[in-house]
Amino acid sequence: MELADLLRGSDATTVGTLAAQLEVSPRTVLRDLATLRERGMPITGEAGPGGGIRLERERGVAAVHLAVTEVVALWLAARLSREASDLPWGEAATSALSKLLASLPPAKASDMRVLCRRVIVGPPSSSTIRAGAGLPPPELLRIFEEAFSGGFGLAFHYRDREGRETNRKIEPHGLLVNTPVWYVLARDVEKGEPRMFRMDRIARPRVVRRIEFRPDFELIRSQIPEGPEWRSLAG
């Protein structure tokens, strides 16, 4: 990543200069340049005066830094779009995202796979559910993302299908997407049991940082509806 940042910050440079800046051997620089090329970074090299190592900036999309959550968001959007209907360029979008995922550094790719395994995508909601579904509070998306990605607890006021209202504290282990409705697959902190919460029945959400957890994939699997159409975003 340091090598990539140096290339972005200069018009042209040399292997020797890069080695000195990174305090490594020229051989290490050459090896890492090859790795970056394999991951799709448009790096060229020319010998002689005016030459050197450079990043082709007209292909700057390859130089964009994306957070793990941003990559997962793109992957989820493409998946939902593909399954909702056969749109133009659907195959191109899938191919582009596959290349993007392949270009991620190993640590970031590992984090992304863990996050994707926690997102379960199924068919669109039934007409009955869509007719009765409301909108989640505007702040819920941001607060849920913070708690879900960071491994923190979530507290909120909840109204169940019978209209009963309770205050809940949970560990948000999974997300089940049943467009346009989504559900939090959680462990109730007070009861210690798996619970599913529908997004439009949640009110006054807040992150509880004193509650920390690691993803429990058994808990997530125990709440997934039966049927092959329900799959994790990881595949």
Side-chain angles (χ1 to χ4, degrees), residues 67-77 79-80 83-84 110-234:
V68 169
T69 51
E70 291 173 322
V71 178
V72 172
L74 290 172
W75 190 248
L76 176 60
R79 169 82 168 268
L80 294 177
E83 295 191 357
S110 177
D111 290 344
M112 191 215 68
R113 283 192 292 270
V114 171
L115 202 57
C116 283
R117 286 178 60 200
R118 298 169 60 196
V119 180
I120 310 302
V121 181
S125 301
S126 67
S127 57
T128 301
I129 291 178
R130 289 198 301 271
L135 295 175
E139 70 275 16
L140 176 59
L141 293 178
R142 174 184 57 80
I143 291 173
F144 172 79
E145 289 170 5
E146 180 181 352
F148 186 78
S149 302
F152 299 118
L154 192 63
F156 50 83
H157 185 77
Y158 193 70
R159 174 182 48 81
D160 67 17
R161 69 178 67 183
E162 306 298 330
R164 294 186 293 263
E165 298 185 358
T166 54
N167 290 310
R168 315 301 285 262
K169 289 181 181 177
I170 66 165
E171 299 170 354
H173 289 267
L175 170 66
L176 188 144
V177 182
N178 191 201
T179 52
V181 176
W182 53 273
Y183 302 80
V184 184
L185 306 179
R187 174 179 287 115
D188 187 293
V189 171
E190 295 181 356
K191 298 181 179 179
E193 298 176 353
R195 288 289 185 272
M196 182 184 296
F197 299 94
R198 204 168 92 177
M199 52 77 174
D200 58 332
R201 293 174 178 163
I202 293 174
R204 302 196 295 275
R206 69 182 189 279
V207 176
V208 184
R209 291 184 171 271
R210 62 179 175 79
I211 298 174
E212 298 183 17
F213 69 93
R214 296 178 65 85
D216 184 338
F217 292 99
E218 283 299 322
L219 181 144
I220 294 171
R221 283 190 287 269
S222 72
Q223 298 187 76
I224 299 175
E226 293 185 3
E229 66 272 23
W230 295 93
R231 295 173 300 167
S232 78
L233 195 57

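Residue numbers start at 1 and run along the sequence shown. All values below were derived from every heavy atom in this structure, side-chain atoms included, with hydrogens, water molecules and symmetry-related copies excluded.
- Between Tyr158 and Phe156, the two ring planes are perpendicular [angle over 60°; tilted spans 30° to 60°].
- Put simply, the residue from Gln223, Glu171, Arg118 that forms a side-chain contact (heavy atoms from CB on, under 4.5 Å) with Leu185 is Gln223.
- For Glu193, the CD atom sits in a packed shell: over 12 heavy atoms of surrounding residues, nucleotides or ligands are nearer than 6.0 Å.
- Considering all non-hydrogen atoms of both residues, Ser149 and Thr69 come closest at OG-CG2, 3.4 Å.
- Formation of a donor-acceptor pair under 3.5 Å by the Ser232 side chain with backbone atoms of Val119 is not found in this model.
- Nearest heavy atoms, Phe152 versus Glu146: CD1-O, 4.0 Å.
- Residue Arg204 comes nearest to Asn167 through the heavy atom pair NH2-OD1, 4.4 Å, listed as atom of the first residue, atom of the second, then distance.
- In terms of heavy atoms, Val208 sits closest to Leu154 at CG2-C, 4.3 Å.
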Start with the C-alpha distance between Trp182 and Leu141, add both sets of side-chain angles, then the distance that settles side chain to side chain contact (heavy atoms under 4.5 Å, CB included), and finish with yes or no. CA-CA 11 Å; Trp182 53 273; Leu141 293 178; 3.7 Å; yes
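- Taking the charged nitrogens against the carboxylate oxygens, Arg168 and Asp188 do have a contact shorter than 4.0 Å, which makes a salt bridge.
- At a threshold of 4.0 Å, the pair Glu139-Arg142 does not count as salt-bridged, since none of the basic side-chain nitrogens sits closer than that to a carboxylate oxygen.
- Note that CG of Leu175 is 13.5 Å distant from NE2 of His173, once rounded to the nearest 0.5 Å.
- The heavy-atom pair separating Gly132 from Asp200 by the smallest distance is O-OD2, 4.2 Å.
- Side-chain atoms of Arg201 never come within 3.5 Å of backbone atoms of Asp160 as a donor-acceptor pair (strictly under, hydrogens ignored).
- Looking at Asn178, its side chain does come within 3.5 Å of a backbone N or O of Pro123 through a donor-acceptor pair.
- Taking every heavy atom of both residues into account, Leu176 and Trp230 meet most closely at CD2-CZ3, 3.3 Å.
- More than 12 non-hydrogen atoms from other residues, nucleotides or ligands lie less than 6.0 angstrom from CZ of Arg187.
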